[in-house]
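Beneath this line is the structure, given in structure tokens, with notes to follow.
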There are 2 protein chains.
Amino acid sequence: MVELAMTEGVPAYIRIRETLRSQIADRTLKRGDRLPSEDELAREFGVSRMTVRKSLEDLLHEGLLYRRHGVGTFVALLHLDREHNRLTDTLNCADGEGIDGRTSLLALEVTPARQKVAGALCFAAGEAVIRIQTLRLANGVPITLHDCHIPHSLFAPILDQQFEVEELWALFEKHGYRVRRAIERIEARQATMEVARLMGTRAGVPILYKERTVYADDGTPVEFTYCYHRGDVYSLTVGLER
Amino acid sequence: MVELAMTEGVPAYIRIRETLRSQIADRTLKRGDRLPSEDELAREFGVSRMTVRKSLEDLLHEGLLYRRHGVGTFVALLHLDREHNRLTDTLNCADGEGIDGRTSLLALEVTPARQKVAGALCFAAGEAVIRIQTLRLANGVPITLHDCHIPHSLFAPILDQQFEVEELWALFEKHGYRVRRAIERIEARQATMEVARLMGTRAGVPILYKERTVYADDGTPVEFTYCYHRGDVYSLTVGLER
DNA sequence: GAGTGGTCTAGACCACCCG
DNA sequence: GGGTGGTCTAGACCACTCG
């Protein structure tokens with residue numbers, strides 16, 4: 001019987017899942033290897049087969065493993081980065097290793113929602129939104145201009161608090177909205193004069209433009225943001241399935 | 001006990017899942033509604049509770065439902081389009097309703113792989129790849145230029161057959177590779193002279209540029225494609241989670 | 001035919017939330 | 001306290017693949 005990493009109150013299927021994950025990470029299980037059968041794993045870990053299957057579920061979904069009916073469960077040859085479609089805080093995007101990221105606040109105001117913003121947030125044009133405009137710098141170079149809109153009706157109290165734009169989603173959560181997913185519409189555009197000025201570049205340079213709507217886990221839209229990424233220094237990676 | 005749609009050999013959890021899905025679609029279950037508890041559903045459908053939970057799994061994952069421990073399972077307020085991160089055939093992208101899409105073949109050749117192509121396909125620079133260059137038109141307007149590369153070693157036989165570029169992935173499958181997922185790197189660029197010429201536009205216009213690597217379910221890279229989308233008429237939508 | 005994963009059962013106990 | 005979902009069991013039978 002195999003010794004499990006972690007203990008105390010952590011469900012068995014999670015301990016088994018993480019044990020398998022680390023065996024794959026440290027090459028105890030190599031790419032292309034067949035795992036022991038589910039019956040064997042159940043015996044090894046001292047749990048029922050249903051629990052083993054529950055353990056495998058997430059790893060299969062991530063693409064770390066794949067199954068062939070009647071044949072076995074295998075470690076995938078290539079492990080795609082799970083982070084690709086991971087939702088990160090709009091105003092606090094990760095910049096990768098060795099990069100000094102900073103966010104500066106350009107504007108914070110309450111305004112009536114224009115039509116597109118209102119539509120995305122599911123309320124009538126003209127209702128109040130909190131608008132947070134920020135500039136994201138990497139090593140001092142402007143990378144992204146964010147123009148973020150959140151419903152005033154849900155989050156008005158945040159205006160009365162000190163808050164860091166990096167912690168916007170933590171504030172949402174304090175108000176009972178757990179951020180769960182987002183939709184982004186992506187286009188290639190040219191910088192307008194206005195955007196160029198704010199980003200310290202010149203009009204006409206390529207801009208990766210996004211409109212992002214963020215939803216809580218019950219489906220409530222909690223944020224709509226225009227994003228302008230400098231095309232010459234920014235690329236975006238997404239994963240697709242099936 | 002509830003009558004189930006579909007029958008004969010379809011697993012119970014799938015019939016239950018689809019029954020619930022259509023109840024949500026036709027508003028028998030409305031947004032925000034609490035579903036019957038798992039015990040109730042088990043009684044209604046005449047299955048065990050584990051089977052009910054299996055039915056709910058996919059719907060939860062899709063975001064159609066969400067759960068609150070100790071409270072219940074609910075229909076989400078907003079249903080995000082499941083198609084966003086759906087992988088579609090590179091050379092045969094869907095164009096939406098009422099659009100006449102066509103793909104014309106610009107080039108089909110065997111060439112040595114340049115470094116980036118070889119790297120993506122996990123073999124040495126200079127090895128043979130089949131290169132398929134196509135232009136995608138919507139209502140006669142060039143939308144996307146694809147420059148697709150597939151390993152000659154895996155798919156050489158397709159050169160000896162008649163084949164439609166629209167059916168590339170079906171051919172992969174015939175050779176034992178089931179397409180499963182892809183990674184796309186996305187940038188905003190300006191059209192080069194060469195790209196502008198092929199797409200019937202002028203150099204400098206915004207181009208949504210992608211490098212896409214496609215993987216079979218065992219992780220084998222089966223395709224690497226450069227995509228050039230006309231920025232003024234093309235936008236891309238992606239979903240992000242968590 | 002032997003071994004694998006796919007589906008399913010009929011229970012059990014626990015943790016969480018609410019009134 | 002009563003109802004909900006979260007975890008888990010110890011079996012069962014089936015469908016698929018391979019030699």
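A, B, ... follow the sequence lines: proteins, then strands. Residue 1 opens every chain.
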Handout entry: 5′-ward residue of the pair A/Arg68/A/Ser48 relative to DNA chain D
Key = A/Ser48
Handout entry: Most 5' of A/Pro11 and B/Leu35 on DNA chain D, judged by nearest nucleotide
Key =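 Final value for this comparison: B/Leu35.
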The side chain of [X] lies closest to which of these nucleotides: [options]?
X       : options              : answer
A/Arg34 : D/dT7, C/dT9, C/dT4  : C/dT4
B/Arg49 : C/dG5, C/dT4, D/dG6  : D/dG6
A/Tyr13 : D/dA10, C/dG5, D/dT7 : D/dT7
A/Arg53 : C/dG5, C/dT4, C/dG11 : C/dG5

Between [atom2] on [N] and [atom1] on [X], what's the gap in Å once rounded to a whole number?
X       : N      : atom1 : atom2 : value
A/Glu38 : D/dA10 : CD    : P     : 17 Å
A/Asp39 : D/dT9  : CG    : C1'   : 14 Å
B/Lys54 : C/dG6  : NZ    : C1'   : 8 Å

Practice task
Flag the pair B/Glu173 and B/Arg178 as a salt bridge only when some basic side-chain nitrogen lies within less than 4.0 angstrom of an acidic carboxylate oxygen.
Solution key: no
Practice task
State whether B/Arg21 and B/Glu62 are salt-bridged, where the test is any N-O pair (Lys NZ or Arg NE/NH1/NH2 against Asp/Glu carboxylate O) under 4.0 Å.
Solution key: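 Yes, this pair counts.
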Practice task
Take the angle between the ring planes of A/Phe224 and A/His149 and call it parallel below 30°, perpendicular above 60°, tilted in between.
Solution key: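 Taking A/His149 first and then A/Phe224, their aromatic rings sit tilted (interplane angle of 30° to 60°).
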Exercise for the section: Specify the residue among B/Val71 and A/His69 whose closest nucleotide of DNA chain C lies further upstream toward the 5′ end. Expected result: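 That would be A/His69.
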Practice task
May I ask you to check whether B/Phe155 and B/His175 place their ring centers less than 6.0 Å from one another?
Solution key: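 Between B/Phe155 and B/His175, the centre distance is under 6.0 Å.
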